[in-house]
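Okay, structure first, notes after.
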There are 2 protein chains.
Amino acid sequence: MPRRSEPGKRPTLADVAERAGVSAMTVSRVIAGNYPVAPPTRSKVLRAMRDLDYVVNAHARALAGATTKTVALVLDDATGPFFAFIARGVEQQAASEGRLCLLCTTHGDPERELAVVELLREQRAEAVILVGGAQDTDTYTERMASFARALDKSGSRLVLCGRPSPGPDVPATVVEYDNEGGAYAMTAYLLANGHRRIAYVGREPGLSTTDERVRGYRRAHADHGVAVDEGLIRPGTFTRESGAAATEALWDERGDATAVFAATDMVAAGVLKALRGRGVRVPEDVSVVGFDDIPLASDLTPALTTVHVPHEQLGREAVRLALHRGPDLDDRVVLGTHIVVRDSAAPLRP
Amino acid sequence: MPRRSEPGKRPTLADVAERAGVSAMTVSRVIAGNYPVAPPTRSKVLRAMRDLDYVVNAHARALAGATTKTVALVLDDATGPFFAFIARGVEQQAASEGRLCLLCTTHGDPERELAVVELLREQRAEAVILVGGAQDTDTYTERMASFARALDKSGSRLVLCGRPSPGPDVPATVVEYDNEGGAYAMTAYLLANGHRRIAYVGREPGLSTTDERVRGYRRAHADHGVAVDEGLIRPGTFTRESGAAATEALWDERGDATAVFAATDMVAAGVLKALRGRGVRVPEDVSVVGFDDIPLASDLTPALTTVHVPHEQLGREAVRLALHRGPDLDDRVVLGTHIVVRDSAAPLRP
DNA sequence: TGCCGAATCGTTACCGGAATCGGTCGGTCA
DNA sequence: TGACCGACCGATTCCGGTAACGATTCGGCA
């Protein structure tokens, strides 16, 4: 028998069905829209739905076998310089595919990352998108592989976004961008402008991102027949302070670099600050370039020449690939990067 | 009879129960932990859960009457200058209260906002947090009231964050910050520094935020016995370009302002750029101040003196208030603002 | 007139947990 | 010694949908 609508409760399918004088199944079909329902019946149902202010229960629907229509985005910290752009890409693509987006943060804590993944297993999200963040590479691969398998068992797809692939035979999707190519192009640009002593500032040890960028830096040197001066590759973290400190140290030690390739735009901001403090003019005396193309880059003085990373597209692709997977679609995509020329780099002056 | 665990399926409560040799209810109690279970029984159950790699189904749980443990955050655009900070506050507080966070964006489109609210009604989110964004004030109040009532019927609480209250008798929670007070303090600061002709740049018509700030601006003038020169209050939107354009127009028309109060930091960036273009020195010739205290503020040259808005706390309070409501807790909270003195404002020089 | 298939709609059986209810068992207290 | 209490556990029902299958109606056509 159809459940009568008690006053305090939210209306259910059965309530709508009763009011419309049809069965619950018919109401369900009207909502789904993928099954023929006679027009008069349909309008009766729609009317009842409106009268009762009925809304489906997403959880009941999810439980009954339909998909959850949910993707989850996991990032270090929502306030990171470019996470917002990835989030926008993810949210937009998710919305356009009729999905809702769950947001979690880990603050770079692997333990919390694990807890979050467990939480998302409970949620049965269709995709779990892990974004960026520093990784200790020794356990990274197996951690990701374990996440991928666990999520797979719960019916979710793991997507690694801007993170290295955990290797083959792991049920995960990877969306990366061309770190090496970007660094190569930028280094080649500086070399073509006559620079020969190009410092690389902010090499964070054990971070694949850094390794790839340095690889591009080296390859560009090799292709231009220029030997890399190892003393110009300076370690550091991806912060403004680190960029400033590394620059101070470099100039204290030797002041002969004519260009500085900062590991990130944030590092470049620190580099610029340190150089300004020393009275070094940019780009007249020294050229400075960055990587990422965050909004800050165009706000700096001088506006920063940098490598553009398609953050928003990264997020979009992550959702797209996770949702429609097939034999024709690849499990790994590498998005292109390109340099953006602004005012902080100039040809070498004799 | 307990359902036997078919190979392909995810394990359920019944599977765990069967393996542990107890009833499903007992397993449920072990998980909930709020009901006595004999230690041997408990460990048997825990073991079975581990063996089967069991995870609860959040949707089944939500359906069975427990709460959804979910809050929803709705904002214009994740890449806005301070939305990320609100998002961080919301996510952190949600996480610390054991809730998951749904993220939706509207791109300032009221129609999409409505669609999003409907979607969230289906999700039965415990709280729906609407953040900032431009509002056409004529229909705003009734729209919010309608949202509040609709969500209330679906068991969700509407939270307006940084938005004006829709009035009493509406089942909504409001978390605001002191726009008028911040503008008052900043204007008073400039007046105390000897400035008498203080331009207000970026009054966006029909936006309550603007109205409140201008009110503080006026009140400070009145309290200091200084007449407001209406010609110094300039309209505009909250963008860099608008700030630059308004400054150009103002200086073309009259160049006698000794200080500029920009409606937002972003506007201030435009003001600074326009002044720099005209060779006007900041703060030697003209003082410039902003509102919001976004990261950009400290990156500008000179670093911007501005009004700090506690964005992160705003998000945190939104979740906190929505979750534990009671007769002792208020439905409306106004967070304080305060000025942050940096380098862009100086005493008036004779 | 009678058969057949398409169009519609209802019935039944879950989905995976939580809550209610009731019952067993060991021990306390008068 | 018997009433009573609290810890502990299981059967049952319900939550609000969906999928699969069955039933019914009706027009076309032989």
Side-chain angles (χ1 to χ4, degrees), chain A residues 1-6 8-45 48-49 52-69 121-124 154-155, chain B residues 1-6 8-45 48-49 52-69 121-124 154-155:
Chain A
M1 84 224 76
R3 212 166 332 287
R4 64 249 161 273
S5 56
E6 298 163 34
K9 313 277 291 175
R10 294 187 274 276
T12 73
L13 253 200
D15 295 327
V16 176
E18 186 185 17
R19 186 179 181 98
V22 300
S23 80
M25 197 55 232
T26 302
V27 178
S28 179
R29 289 192 184 111
V30 169
I31 295 173
N34 53 8
Y35 200 87
V37 175
T41 309
R42 170 192 307 276
S43 58
K44 264 194 308 184
V45 170
M49 284 172 54
L52 262 38
D53 189 23
Y54 169 80
V55 285
V56 298
N57 184 322
H59 300 289
R61 172 179 288 175
L63 180 60
T67 107
T68 60
K69 298 281 182 193
R121 289 228 284 163
E122 298 181 3
Q123 291 293 326
R124 305 278 194 268
S154 304
Chain B
M1 86 223 73
R3 214 169 329 292
R4 64 251 161 272
S5 56
E6 299 163 32
K9 312 276 293 176
R10 295 186 275 275
T12 74
L13 251 199
D15 295 328
V16 175
E18 186 185 18
R19 186 178 184 99
V22 299
S23 82
M25 194 56 230
T26 302
V27 178
S28 180
R29 287 189 186 113
V30 169
I31 295 173
N34 53 6
Y35 202 86
V37 175
T41 309
R42 169 190 309 278
S43 59
K44 263 194 310 182
V45 169
M49 283 172 54
L52 262 38
D53 189 24
Y54 168 80
V55 284
V56 298
N57 183 323
H59 300 289
R61 174 178 287 173
L63 180 60
T67 111
T68 60
K69 298 281 183 194
R121 289 228 283 163
E122 298 180 4
Q123 292 292 328
R124 305 278 194 269
S154 305

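Computation of the quantities below employed the complete heavy-atom set of this structure, encompassing side-chain atoms and omitting hydrogens, waters and symmetry-equivalent molecules. To find a chain, count down the sequence lines: A is the first, B the second, and so on, and within it residues start at 1.
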| request: Return the 5'-most residue of the pair A:Val27, B:Ala64 with respect to DNA chain D, ranking by each residue's nearest nucleotide. | output: B:Ala64
| remark: Testing D:dC21, D:dC8, C:dG17 for proximity to the side chain of A:Arg29, the answer is D:dC21
| query | Do the side-chain N or O atoms of A:Thr41 get closer than 4.0 angstrom to the phosphate oxygens (OP1, OP2) of C:dC9? | reply | yes
| Atom-to-atom span, CZ of B:Arg42 to P of D:dA7 - whole angstrom | 14 Å
| said: Rounded to whole Å, please give me the gap between CE in B:Met25 and C1' in C:dA19. | reply: 7 Å
| message | In this structure, how many angstroms lie between the P atom of C:dC14 and the CG atom of A:Leu13, rounded? | response | 20 Å
| said: What's B:Val22 touching, base or sugar-phosphate or nothing? Going by heavy atoms closer than 4.0 Å. | reply: sugar-phosphate
| If you pin B:Ala60 and B:Thr26 to their nearest nucleotides in DNA chain D, which one's is more 5'? | B:Thr26
| Does OP1 or OP2 of C:dA18 have a side-chain N or O of B:Arg61 closer than 4.0 Å? | yes
| Only one of A:Val56, A:Asn57, A:Asp53 clears side-chain contact (heavy atoms from CB on, under 4.5 Å) with B:Arg121; which? | A:Asp53
| D:dT18 C1' sits how many Å from A:Ile31 CD1, rounded? | 11 Å
| query | What nucleotide, of D:dG10, C:dA18, D:dT18, holds the atom closest to the side chain of A:Ser28? | reply | D:dT18
| request: State, with a plain yes or no, whether a side-chain heavy atom of B:Glu122 is found less than 4.5 Å away from one of A:His59. | output: no
| message | Give me the atom names and distance for the closest heavy-atom approach of B:Lys44 to B:Val22. | response | NZ-CG1, 4.5 Å
| query | To the nearest Å, how far apart are A:Leu63 CG and D:dG16 P? | reply | 12 Å
| request: Measure from the side-chain heavy atoms of A:Thr12 and tell me the nearest of C:dG10, C:dG17, D:dG17. | output: D:dG17
| field | For atom NE2 of B:His59 and atom P of D:dG17, their distance in whole Å | value | 15 Å
| query | Distance from A:Leu13 atom CG to A:Leu52 atom CG, nearest 0.5 Å? | reply | 11.0 Å
| said: What is the separation between atom NZ on A:Lys44 and atom P on C:dT8, rounded to the nearest whole Å? | reply: 14 Å
| note | Atom CE of A:Met49 and atom P of D:dG16 are separated, to the nearest Å, by 16 Å
| query | Are the side chains of A:Arg42 and A:Pro39 in touch, meaning some heavy atoms are under 4.5 Å apart? | reply | no
